[in-house]
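Encoded as structure tokens, the structure appears first; notes follow it.
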Amino acid sequence: MAARVACASVLLLSGTSTSSSSSMMASAFMIQTPKPTRVSPSSSTNQATLVADDMGMITSRSRTLNTPWTRTTPQHRHQEQEQLGEQPRRRRLPLAEEPLPDRRYWRRGTSSAHPNGQRITTELYNAIVTRSHPEEAQEDLGFGQYLECDWRDAWKSYESPADNPTLIDEATGFAEYTCDVEGQLPDDLEGVLYRNGPGKFGVGDERVQHVLDADGLVLRMEFPKKKGPFSRRKVKFTSRFVETEALKEEREADKILFRSAFGTGPAAFFDKDAKKGVNAEPQQRSWISKIFGNAFNMDIKNPANTQVVSHGGKLLALFEAGLPHAMDPTSLKTLGEETLGGTVHSGFPIKFGIDWLDDLTKGVFGGAAHTAHPASCPKTGNLVGWHYTNVLKDNSLELTFTEWAGESFAPIESGTYRVPDMAVPPHDMAMSDNFIMLKFNALKADQQNELLFGLKSPGESITMDGHAPATAWFFPRPTSEHQFEPFSVEVPPCFSVHFANSYEDPETGNFVTFFTGWPPSDRTDLLGAWSGYCPKFGDVPPTYLWRLEVDTKAKKTVSVEIAPGSENVCMELPAVHPNFATSKAENVFSLAGNVAGESTAPTGYTRLQVESGSKRTIPVGEKNEEVDAYWFGSRYFTDEPIIVPKKGGDPNDERDAYLLGMVKDAAKGKSFLSIFDLQNDLSHGPVCKVWTKSSIPHGLHGSFAESDSCTSIFT
């Protein structure tokens with residue numbers, strides 16, 4: 001059963017009307033003063049030059065390569081006509097089957113410094129119309145440049161490409177094929193990669209109001225063992241939507257039936273304007289439509305779209321406001337809700353706090369919502385997770401922590417605790433050998449009337465205070481010999497999202513953890529920047545890596561600061577070698593938008609040396625040149641990195657591993673899995689690319705397992 005959401009977070013990181021005058025035309029296209037710029041590195045034969053006539057039409061003219069491609073104004077064009085002695089032939093340029101992106105979004109993407117975006121350059125304009133990449137060197141990248149139209153394209157619903165219309169089943173998202181491999185697939189990379197994220201962005205031609213409300217799409221990429229010295233391995237790709245009961249009901253009705261966690265809900269019976277297409281801008285509802293469509297309906301949909309982990313022979317698709325969904329590890333068919341060995345139960349995750357009333361309503365209320373971010377212990381092989389129930393009587397959270405065995409998924413130990421005055425659970429957890437830490441941001445579920453009457457979703461009814469201190473609660477690991485009463489510590493203002501590694505310092509005994517988050521800000525809404533068609537980075541504070549140290553004996557915060565070596569690195573989804581998840585690690589890997597201190601879409605990967613890096617201050621806008629990074633370019637977008645140890649490698653060498661990350665190539669309209677050998681610096685680039693046959697929507701989290709029945713590694 002779907003359950004009430006309390007808190008969620010992720011990454012991270014966010015027409016042309018024709019005119020008879022050149023000034024209006026330039027404004028419509030958002031182009032800087034034209035300047036001849038070479039776009040293609042070719043050096044022979046004739047090429048087509050793209051220009052715009054007085055009416056803003058794309059035209060083509062033959063010219064030698066020595067005359068570079070350019071986006072010209074009418075004044076430039078007339079000068080060229082005199083030089084070439086010819087008149088341009090006006091026509092629309094048929095470059096491919098797929099239409100060009102919506103010209104209203106032909107601009108450089110929004111950022112914290114430029115919330116409305118910036119004018120497009122000539123090079124980027126030409127790259128759009130020729131479906132290519134501009135010439136860009138690594139030293140020139142890292143400032144966060146990307147195209148708004150490309151970023152929107154990364155959030156299209158998962159569907160077959162125009163050149164292969166039967167590749168993906170529209171109803172189930174099922175696809176199965178062998179991937180093309182560019183480069184040399186490493187022999188010591190064996191196992192199965194799983195990945196989850198929003199993939200089905202609507203139903204019945206109506207798009208969800210918030211990308212995190214979309215139904216989950218799980219991908220599987222299998223890297224088989226090499227059969228012989230001369231054999232060639234083939235990477236098998238499989239995909240499916242997580243077919244929850246809610247998804248199947250909405251698919252049958254061909255319309256949105258359920259309220260979702262962040263803003264989506266059924267339209268009122270009289271609202272006829274919602275259906276504009278699942279890849280169109282979602283229609284904003286009137287308050288009357290919201291009330292008639294959603295009032296008093298508290299059955300919140302679980303889209304199972306956040307994480308996917310393999311453990312003890314089970315494959316679980318996770319969402320933090322409901323039960324996990326089990327899937328077949330090979331076919332990815334959805335098997336149904338999973339109770340994790342009977343440790344969690346269906347029903348609304350609400351208790352009244354009155355014994356007789358809780359007993360009377362058991363089965364409808366008294367259920368639980370499981371976290372989307374369990375942790376895997378590298379020393380025991382246990383999966384460590386937690387679930388929660390809201391207790392209305394004293395506005396508290398009832399939390400249960402459980403550890404499950406790696407082979408059987410049998411519960412080993414559990415512990416249940418009550419946290420007062422904390423109605424909104426955190427998104428992620430930090431875990432060491434003996435401690436579990438939950439860092440509660442300054443959030444309040446204080447707009448319950450709007451939630452009840454359907455005017456706001458659960459996520460929208462949560463407010464935040466970006467300048468208030470946070471609270472870190474410490475709990476004992478269920479299997480630890482060091483048991484203690486939970487305690488809390490005040491943490492200076494900063495908003496946490498995802499955790500990397502955590503450990504107990506062998507010298508001081510202090511608890512140390514690294515997390516991504518926002519500095520103090522004036523924000524009052526939780527994830528409003530993710531509403532609408534896609535995340536808007538102009539509304540998102542820069543996300544940095546932070547280091548938090550707590551003296552657990554004195555029960556006080558020692559320090560919270562930007563992690564060493566990560567100044568000005570706008571990043572998210574941190575990862576370490578899985579063997580170092582509860583130990584001190586030198587290297588934290590992440591996706592990144594830039595290393596200049598602004599909030600922008602992710603276009604590369606970084607390696608941060610958090611134990612030995614410098615602590616110097618760099619002005620915002622200035623590039624941190626000390627960071628090891630690789631940037632794919634302005635027309636690429638990167639997903640979460642997963643660190644996979646090499647088969648037979650040194651388990652104590654955190655760089656004896658590969659970094660795997662899905663990348664969207666906006667120019668080709670396809671995606672690929674990039675594979676980096678971490679024995680080299682990231683700046684050397686990937687050693688291999690595994691191409692999918694379609695575009696994959698921007699994802700959230702994933703994991704890697706040695707086989708379908710093995711416990712996966714993830715962060």
Side-chain angles (χ1 to χ4, degrees), residues 3 6-7 307 309 311-312 314 316 318 320-324 338-347 349-351 353 355 358 362 366-391 393-440 471-489 496 499 502-504 509 511 513 550 552-553 555 581-582 711:
C7 174
Q307 171 64 299
V309 299
H311 187 81
K314 295 179 183 290
L316 304 175
L318 302 174
E320 62 195 296
L323 297 187
E338 172 62 45
T339 63
L340 303 178
T343 57
V344 293
H345 304 283
S346 61
I350 296 173
K351 288 183 178 180
D355 291 343
D358 289 334
K362 191 174 183 179
H370 194 274
T371 179
H373 281 289
S376 180
C377 179
K379 298 176 182 177
T380 65
N382 295 345
L383 182 71
V384 185
W386 55 281
H387 60 269
Y388 67 90
T389 302
N390 288 96
V391 182
K393 182 179 179 181
D394 56 1
N395 193 37
S396 65
L397 279 179
E398 185 177 276
L399 302 169
T400 299
F401 299 92
T402 306
E403 296 199 29
W404 292 273
E407 296 182 359
S408 62
F409 216 120
I412 301 173
E413 294 287 348
S414 291
T416 300
Y417 309 94
R418 185 76 65 85
V419 179
D421 298 319
M422 292 291 177
V424 183
H427 177 65
D428 200 357
M429 63 184 286
M431 184 181 77
S432 66
D433 291 338
N434 294 294
F435 294 95
I436 293 174
M437 188 199 77
L438 297 183
K439 181 174 173 291
F440 289 81
T471 304
W473 274 88
F474 286 82
F475 306 89
R477 283 266 305 267
T479 58
S480 172
E481 295 182 359
H482 175 53
Q483 295 295 307
F484 57 88
E485 286 297 316
F487 62 89
S488 64
V489 173
S496 61
F499 287 86
S502 306
Y503 61 90
E504 296 150 44
F511 181 90
T513 186
V550 174
T552 55
K553 295 178 181 178
K555 299 178 182 179
T582 58
T711 295

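Nearest heavy-atom pair across F484 and F474 is CE1-O, 3.7 Å. When all heavy atoms of W473 and P420 are compared, the closest pair comes out as CZ2-CD, 4.0 Å. Residue L318 comes nearest to P374 through the heavy atom pair CD1-CD, 3.7 Å, listed as atom of the first residue, atom of the second, then distance. Annotation for F440 and L397: closest pair CE2-CD1, 3.8 Å, computed over non-hydrogen atoms. The minimum heavy-atom distance linking A369 with G322 is given by the pair CB-N, 3.6 Å. Between S408 and A405, the shortest heavy-atom contact is OG-CB, 3.8 Å.
S480 is linked by a side chain to side chain donor-acceptor pair (under 3.5 Å) to N434, counting only residues two or more places apart in sequence or in another chain. Legend: residues meeting salt bridge (charged side-chain N to carboxylate O under 4.0 Å, His left out) with E403, ordered by chain and number and at least two apart, are R477. Not counting sequence neighbours, the partners of K553 by the side-chain contact (heavy atoms from CB on, under 4.5 Å) test are D551. Judged as a ring-ring contact (aromatic ring centres under 6.0 Å, His included), and not counting sequence neighbours, the contacts of Y417 are F475. A430 meets the side-chain contact (heavy atoms from CB on, under 4.5 Å) test with M437, F499, S502, F511, T513; sequence neighbours excluded. Listed by chain and number, the residues in a side chain to side chain donor-acceptor pair (under 3.5 Å) with S432 are E504 (sequence neighbours excluded). With sequence neighbours left out, Y503 forms a ring-ring contact (aromatic ring centres under 6.0 Å, His included) with no residue at all. Partners of T416 by side chain to side chain donor-acceptor pair (under 3.5 Å), not counting sequence neighbours, listed by chain and number: T400. With sequence neighbours excluded, the residues that form a salt bridge (charged side-chain N to carboxylate O under 4.0 Å, His left out) with D433 are K379. Partners of T380 by side chain to side chain donor-acceptor pair (under 3.5 Å), not counting sequence neighbours, listed by chain and number: N382. T343 pairs by the side-chain contact (heavy atoms from CB on, under 4.5 Å) definition with L340, T402, W404, P411, not counting sequence neighbours.
For the atom pair M429 CE and I436 CD1, the distance stands at 4.0 Å (nearest 0.5 Å). Separating the CD atom in E320 from the NE2 atom in H387 is a distance of 15.5 Å, to the nearest 0.5 Å. Rounded to the nearest 0.5 Å, atoms CG (D428) and OG (S496) are 8.5 Å apart. Taking NE2 from H345 and NZ from K362, the interatomic distance works out to 7.0 Å, rounded to the nearest 0.5 Å. N390 CG to K351 NZ: the interatomic distance, rounded to the nearest 0.5 Å, is 11.5 Å.
Between P426 and K439, every side-chain heavy-atom pair lies at or beyond the 4.5 Å cut-off.
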Apply side chain to side chain contact (heavy atoms under 4.5 Å, CB included) to the pair Y388 and T371, showing each step before the final yes or no. CA-CA 8 Å; Y388 67 90; T371 179; over 6 Å; no
Could you go through the side chain to side chain contact (heavy atoms under 4.5 Å, CB included) check for L399 and L438 one step at a time? CA-CA 11 Å; L399 302 169; L438 297 183; 3.8 Å; yes
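Looking only at distances, a side-chain donor or acceptor of D358 sits under 3.5 Å from a matching main-chain atom of G353.
Annotation: salt bridge (Lys or Arg N to Asp or Glu O under 4.0 Å) contacts involving residues 411-427, sequence neighbours excluded, comprise D394-R418, E398-R418.
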